[in-house]
Amino acid sequence: MRIHPRASASAVLSLFSLVVLGACGEDRSLPLDKPEPTPFQPVQVPAVTALAPVSGFADQAGGGVFATASRELVRLRLDGAYGALEPHPDNEAAAGGVLGVFRLGPHSALVETQTGLFMAESGWLIAPPWRDALGQGVLATAQSADGAVWLAHTRGLFRLQEGTLAELKVDGASVKAITALAAAPSPENLPGVWFLHEGGLSVAVALSTAHYRVHTTSAPLAEGESLQALAGIGPAVGTAGELWALTNQSLLRRGKDGWRRVELPETPQRLMGSGRFLWVKTGGSLLQYDADANVWRAARDASAGDFHFLAADESGSVWVQQGGVSVALSHVLVPRLRGLYQGMQLVNDGLVVRAVMPPGGAPESVVYKLGNSEIPTEGPDYSLGGLEADGTHRAYSFASLEAGRYVLSVVARYADGSEAQRSVPFDYAPVASGPLSWDKDIRPIHEARCRNCHNSSSAARSLDSYELWRANAPIITEAVRDQRMPADGPMDPELISRIQRWASSGARP
């Protein structure tokens with residue numbers, strides 16, 4: 001299915017209004033952690049081309065989108081090969097030299113070039129409809145737990161959702177001079193986005209789709225201590241995630257029980273978080289914190305030369321540049337899951353999930369773990385639901401689960417007794433069932449989010465009728481569920497659920 005970069009007329013710049021601006025104090029007497037990291041020899045995958053020391057995007061398949069040393073855009077796979085990434089034929093502007101690449105979602109990245117902003121998605125470089133409203137100057141991005149993508153820009157703080165770009169203002173003024181951005185729960189344990197602004201720490205929390213409360217809060221700093229950077233650790237069973245802050249002296253972490261101080265053997269210098277993992281560069285070490293195992297590790301031979309974080313992904317892999325050499329580092333090689341991504345809100349009870357084994361010898365057995373259950377699967381294509389008679393992948397039913405947060409793990413077991421495991425937390429929030437129809441339930445979605453691109457006169461696949469939607473229902477369902485479509489931003493989970501339920505219940509007219 002081709003993607004057209006033009007979006008509906010609703011994809012315009014609009015404004016959020018501020019509801020409350022308040023101060024939130026913190027207790028300065030902090031619990032103290034002094035971890036002793038365990039050394040490990042990291043698995044290293046060198047990049048096949050020289051990369052520029054600017055921000056990149058790493059996806060959950062282990063590869064990512066980066067700027068080369070000559071400032072061209074490149075898509076790399078974890079096996080060292082190149083992936084497809086071409087300018088979309090409907091782009092009206094050509095990309096210039098790449099200035100930076102930033103995360104937008106599980107599969108998409110925001111690319112800042114000398115000619116403006118683009119989106120890297122499904123092998124295409126797409127000019128989004130809101131690029132002229134924003135322009136160069138992206139500083140950082142973060143995706144909050146409600147699915148919104150936040151962009152810190154030299155012009156202010158913006159939110160991108162449902163293809164609409166909107167600015168958060170405080171008392172009518174843009175929030176400028178942001179130096180760091182991270183998604184983590186607010187003091188009320190609601191989805192929030194934290195930012196450093198003019199030396200202070202603030203968090204924005206949604207009150208509605210158009211109104212936000214902004215807290216200004218004082219981090220518990222010691223004498224002479226200042227905040228330098230922020231990172232978020234994502235949610236898991238029993239936790240909604242955490243905020244981490246880098247200071248000029250140590251690390252601070254904020255969970256459901258408040259702030260804690262973390263003193264490392266050496267002063268931390270750089271910080272990057274993704275999924276349930278945190279990476280920290282100190283004077284002589286590269287450290288990894290595994291939140292699920294509550295373990296600190298120190299990578300051997302990973303501290304020499306000029307050092308830059310390029311990107312990190314949710315499996316615990318980080319792309320770095322040392323002395324001009326770019327490499328992906330991991331604690332161990334892990335399987336990769338397709339069809340289920342970190343923090344996904346699963347709103348229908350059927351899902352196709354596949355596991356891709358790490359390079360090397362084939363495992364003796366592969367099982368999925370969900371709660372206390374083990375679900376065996378057979379290769380070489382390790383599908384959670386197994387295969388239909390014709391070889392297509394069968395969806396696995398989550399219908400027996402109660403609503404809540406779960407972790408799905410895939411475990412590869414080898415002849416030497418070793419295991420490779422990848423765990424993905426997700427939220428199961430099934431919506432009420434009932435008969436759905438194309439005319440009443442699906443046509444409005446098509447008109448609002450799909451028609452401008454997928455019509456009979458465009459270069460993209462036409463979906464301008466019930467018959468075409470029914471014939472393409474499996475492709476459409478997968479594309480919206482994986483947030484590869486629409487091109488101007490992912491749909492609200494309720495709309496995705498509506499499409500999935502309609503397709504799985506017979507695609508009624």
Side-chain angles (χ1 to χ4, degrees), residues 42-87 95 97-113 117-126 138 140-143 149 151 231-232 234 270-279 281 286 288 299 302 307-322 324-331 333-338 341-343 356 358-359 422 424 482-484:
V43 176
Q44 302 189 30
V45 179
V48 294
T49 185
L51 301 180
V54 297
S55 61
F57 163 71
D59 62 31
Q60 298 190 33
V65 180
F66 303 92
T68 68
S70 58
R71 298 298 175 134
E72 296 177 336
L73 197 65
V74 64
R75 183 181 174 196
L76 302 179
R77 296 192 176 99
L78 193 57
D79 61 5
Y82 288 99
L85 187 58
E86 299 291 338
V98 177
L99 304 177
V101 184
F102 305 87
R103 178 186 179 89
L104 282 185
H107 310 285
S108 59
L110 179 66
V111 182
E112 184 175 73
T113 77
L117 301 178
F118 294 83
M119 291 174 57
E121 177 67 69
S122 303
W124 292 112
L125 184 64
I126 303 166
V138 179
T141 62
Q143 187 172 28
V149 177
L151 287 73
R270 295 181 181 91
L271 178 71
M272 178 170 282
S274 185
R276 300 285 295 159
F277 294 91
L278 194 77
W279 291 89
K281 178 68 174 67
L286 176 62
Q288 182 203 62
F307 183 94
H308 296 276
F309 277 130
L310 300 179
D313 73 50
E314 295 85 345
S315 74
S317 177
V318 64
W319 287 81
V320 302
Q321 187 178 79
Q322 302 169 271
V325 177
S326 303
V327 61
L329 302 175
S330 303
H331 172 227
L333 288 174
V334 298
R336 302 285 173 167
L337 282 177
R338 294 181 178 174
Y341 55 82
Q342 193 96 5
V356 179
R422 169 82 166 106
V424 175
D482 293 347
Q483 298 190 12
R484 292 184 284 108

### Query
In Å, rounded to the nearest 0.5 Å, how long is the span from CG of L286 to CE of M272?
11.0 Å
### Query
From L51 CG over to L76 CG, what is the distance, rounded to the nearest 0.5 angstrom?
6.0 Å
### Task
Drop me the distance from R336's CZ to Q60's CD, to the nearest 0.5 angstrom.
9.0 Å
### Query
Under 3.5 Å, is there a donor-acceptor pair between the side chain of R75 and the main chain of A84?
yes
### Inter-residue atom distance W124.CH2 - E86.CD, 0.5 Å rounding
7.5 Å
### Query
What are the two closest heavy atoms between L125 and A95, and how far apart are they?
CD2-CB, 3.8 Å
### Message
For a quick test of reading the model, state the closest non-hydrogen atom pair linking S108 to E121 and the distance between them.
### Response
CB-OE1, 2.8 Å
### Heavy-atom closest contact (G100 atom, V54 atom, distance)
CA-CG2, 4.3 Å
### Check: Q44 side chain, V327 main-chain N or O, donor-acceptor pair, under 3.5 Å
no
### Query
Going by distance alone, is a donor N or O of one side chain under 3.5 Å from an acceptor N or O of the other, for T68 and S70?
yes
### Message
Run L151 and F102 through side chain to side chain contact (heavy atoms under 4.5 Å, CB included) and show every step you take.
### Response
CA-CA 9 Å; L151 287 73; F102 305 87; over 6 Å; no
### Query
Taking the side chain from Q288 and the backbone from G316, do they hold a donor-acceptor pair closer than 3.5 Å?
yes
### Closest non-hydrogen atom pair, D313 against D59
CB-O, 3.2 Å
#### Entry: Reported OG-to-CZ distance for the pair S315 and R422, which is rounded to 0.5 angstrom
5.5 Å
### Task
Grab the two heavy atoms, one from L310 and one from S326, that are nearest each other, plus how far apart they are.
CD1-OG, 4.2 Å
#### Entry: Parallel, tilted or perpendicular: ring planes of Y341 versus H107, cut at 30 and 60 degrees
perpendicular
### Any donor-acceptor pair under 3.5 Å from E314 side chain to Q342 backbone
no
### Query
Where the side chain of S55 meets the backbone of V101, is there a donor-acceptor pair that is under 3.5 Å apart?
yes
### Query
Is the closest side-chain heavy-atom distance between L333 and P359 below 4.5 Å?
yes
### Query
Can you tell me if R103 uses its side chain to pair, donor with acceptor, with the backbone of A109 under 3.5 Å?
no
### Query
What heavy-atom pair brings V43 and H331 nearest, and what distance separates the two atoms?
CG2-O, 4.2 Å
### Message
Applying ring-ring contact (aromatic ring centres under 6.0 Å, His included) to F66 and W319, what does each step give before you reach the verdict?
### Response
CA-CA 10 Å; F66 303 92; W319 287 81; 4.9 Å; yes
### Close side-chain approach of L104 to F57, heavy-atom, < 4.5 Å
no
### Message
Between P335 and P358, is there a side-chain heavy-atom distance shorter than 4.5 Å?
### Response
yes
### Beyond-backbone contact of I126 with F118, side-chain heavy atoms, under 4.5 angstrom
no
### Query
Would a 4.5 Å heavy-atom cut-off, applied to side chains only, mark L110 and V149 as touching?
no
### Message
Please determine whether side chain to side chain contact (heavy atoms under 4.5 Å, CB included) holds for the pair V74 and V98, giving the CA-CA distance in whole Å, both sets of side-chain angles, and the decisive distance to 0.1 Å.
### Response
CA-CA 10 Å; V74 64; V98 177; over 6 Å; no
#### Entry: Side-chain heavy-atom pair L271, L278 within 4.5 angstrom cut-off
yes
### Query
Should we say atom CZ of R270 is surrounded by more than 12 heavy atoms from elsewhere, each under 6.0 Å from it?
yes
